[in-house]
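I have placed the structure first, in the form of structure tokens, so that the comments after it can refer back to it.
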Amino acid sequence: MERFLEEWNNDSPYVEVKTSGSTGEPKRMRVEKRRMMNSARITCNFLGLKHGDTALLCLSTDYIAGKMMVVRALERGMKLVTIEPNGCPEWEGMVDLAAMVPLQVWNLLHQHPSRLRQIRHLLIGGGAIDERLEEALKDFPNAIWSTYGMTETLSHIALRRLNGPTASSWYTPFEGVTLSQTEEGCLVIEAPAVHDGKLVTNDIAELSTQQFRILGRKDNVICSGGVKIQMEEVERMLRPHLSIPYIITRARDERLGETVVLLMEGGNLDEAKTVCQRVLPKYWQPHRFLSVDRLPLTETGKPARAEAERLAQKNGDHPHG
């Protein structure tokens, strides 16, 4: 954090950040400090945070999510509790705001659930939230939010409540954010406070009276025999039925153009095949099942899609591992 504060307090109007690398190699980019302050102000206003509140930093400040927690504390005059980023954060006492990735929340839920109740507003981002995790959080008394955003939007531009009477599967964008779609159905964001111009995302979205939900990424569409299959949708359908870690990816196929591949971390390949045949539409079912020692993940815990695809292609001659 010291390195980030030095950069924040220098004379440059910019801060350097790096993307997570979920769709390829991580990239470095420069962002304006004033826009980071705008983003922090919008989030703090939305959540009703005030001077003297306590914020918890348990994410790396190498990435935008960690940097933005520091900026929110600075913007609002909150006390910042800083702990070493790890998979199961430890801290003492109540905090008003914390941001975590799903893995941290999952670990706390199973090892120290009482800690999650010590956070007045918990923001979860940086990866897909498993349906089982969402279900387990729905009765918590504090406010738990799923965030939507990316490095380019300086963390999130929309939130959806995961628990309580206002829980929803739809994201509500912040004030000043305008949404539209490309012909392909990708979400287009206009958020002048945090980003200059229109931002065309790769996220396939559904819009409804200025709320939206994300179906998957354009890059993650498998075109198999003329059928378009969204990797994330297949993963979502399998989640309630497969307990082993897995990723849906693709490989080139002479007959179909592309084919669906299930990468799994250990586990029983035949059992996985049976589950897929039972719960997936015929054309969504994987043609190949590949067991690997460790699934390819980014530093922030998202599927490393490019590496998963490379593994699937490399092992195309040995579809059963």
Side-chain angles (χ1 to χ4, degrees), residues 19-26 127-132 150 169 181-188 200-207 212-298 301-321:
T19 62
S20 65
S22 55
T23 56
E25 289 298 313
I129 297 175
D130 187 279
E131 281 91 344
R132 288 168 296 183
M150 58 214 70
S169 60
Q181 283 174 292
T182 66
E183 287 183 2
E184 295 171 297
C186 289
L187 189 68
V188 180
V200 180
T201 74
N202 281 329
D203 290 321
I204 306 288
E206 183 180 349
L207 295 186
F212 67 97
R213 65 190 187 105
I214 299 299
L215 305 178
R217 288 182 70 84
K218 184 179 77 170
D219 343 37
N220 300 337
V221 174
I222 304 168
C223 195
S224 184
V227 178
K228 290 187 176 178
I229 304 157
Q230 191 75 47
M231 293 179 192
E232 296 92 339
E233 285 290 298
V234 181
E235 289 170 347
R236 250 194 293 276
M237 287 188 75
L238 288 175
R239 266 186 211 123
H241 308 280
L242 273 185
S243 56
I244 48 152
Y246 65 90
I247 292 174
I248 291 294
T249 185
R250 64 185 155 213
R252 291 187 299 278
D253 185 87
E254 195 175 296
R255 185 171 64 91
L256 297 168
E258 293 178 333
T259 190
V260 182
V261 180
L262 179 84
L263 283 188
M264 50 194 288
E265 200 170 287
N268 185 319
L269 291 168
D270 290 331
E271 184 184 337
K273 188 173 183 179
T274 301
V275 168
C276 289
Q277 287 173 340
R278 190 177 81 244
V279 304
L280 294 176
K282 182 181 176 183
Y283 296 111
W284 290 22
Q285 292 173 17
H287 281 232
R288 301 180 192 169
F289 295 80
L290 179 63
S291 180
V292 294
D293 292 332
R294 189 174 294 277
L295 288 178
L297 301 174
T298 69
K302 299 178 190 176
R305 298 285 181 189
E307 175 62 13
E309 194 170 328
R310 192 190 66 76
L311 275 173
Q313 198 60 53
K314 175 183 159 191
N315 291 277
D317 296 332
H318 307 284
H320 291 283

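Starting from 1, each residue takes its place in the sequence as its number.
In this structure the side chain of Met237 reaches within 4.5 angstrom of the side chain of Pro281, judged on heavy atoms. Taking 4.5 Å as the limit, some side-chain heavy atom of Leu207 sits within range of a side-chain heavy atom of Gln181. Using a 4.5 Å heavy-atom threshold, the side chains of Leu269 and Met264 count as touching. At least one side-chain heavy atom of Val275 sits less than 4.5 Å from a side-chain heavy atom of Leu238. With a 4.5 Å cut-off on side-chain heavy atoms, Asn220 and Glu232 count as touching. Between Ser224 and Asp253 there is no side-chain heavy-atom pair separated by less than 4.5 Å. Within the 4.5 Å cutoff, the side chain of Lys282 has no heavy atoms near those of the Gln277 side chain.
The shortest heavy-atom contact between Thr298 and Pro303 is CG2-O, 4.2 Å. Closest non-hydrogen pair, Gln285 versus Cys276, comes out as CG-O, 3.6 Å.
Taken from SG in Cys186 to CG in Leu215, the straight-line distance is 10.5 Å, to the nearest 0.5 Å. Separation of atoms CD (Gln230) and CD1 (Ile204) is listed at 5.5 Å; rounding is to 0.5 Å.
The backbone N or O of Leu297 lies less than 3.5 Å from no partner atom in the side chain of Glu307, so there is not a single donor-acceptor pair. Under a 3.5 Å cut-off, the side chain of Arg252 and the backbone N or O of Thr259 do not form any donor-acceptor pair. Of the possible polar contacts, one joining the Thr201 side chain to the Leu187 backbone as a donor-acceptor pair under 3.5 Å is found. A distance-only check finds no donor-acceptor pair linking the side chain of Asp203 to the backbone of Ala205 [under 3.5 Å].
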Test log, rule side chain to side chain contact (heavy atoms under 4.5 Å, CB included), inputs Leu290 and Leu262: CA-CA 6 Å; Leu290 179 63; Leu262 179 84; over 6 Å; no
For residues 240-250, which side-chain N or O atoms pair as donor and acceptor with protein atoms under 3.5 Å away, sequence neighbours left out?
residue, atom, partner, partner atom, Å
Tyr246, OH, Glu235, O, 2.7
Tyr246, OH, Arg239, N, 3.1
Thr249, OG1, Glu309, N, 3.4
Arg250, NE, Glu309, OE1, 3.0
Arg250, NE, Glu309, OE2, 3.4
Arg250, NH1, Asp219, O, 3.1
Arg250, NH1, Val221, O, 2.7
Arg250, NH2, Asp219, O, 2.7
Arg250, NH2, Glu309, OE1, 3.3

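For Arg294, the CZ atom counts as loosely surrounded, since its 6.0 Å shell holds 12 or fewer non-hydrogen atoms of other residues, nucleotides or ligands.
Listed by chain and number, the residues in a salt bridge (Lys or Arg N to Asp or Glu O under 4.0 Å) with Glu258 amount to none (sequence neighbours excluded).
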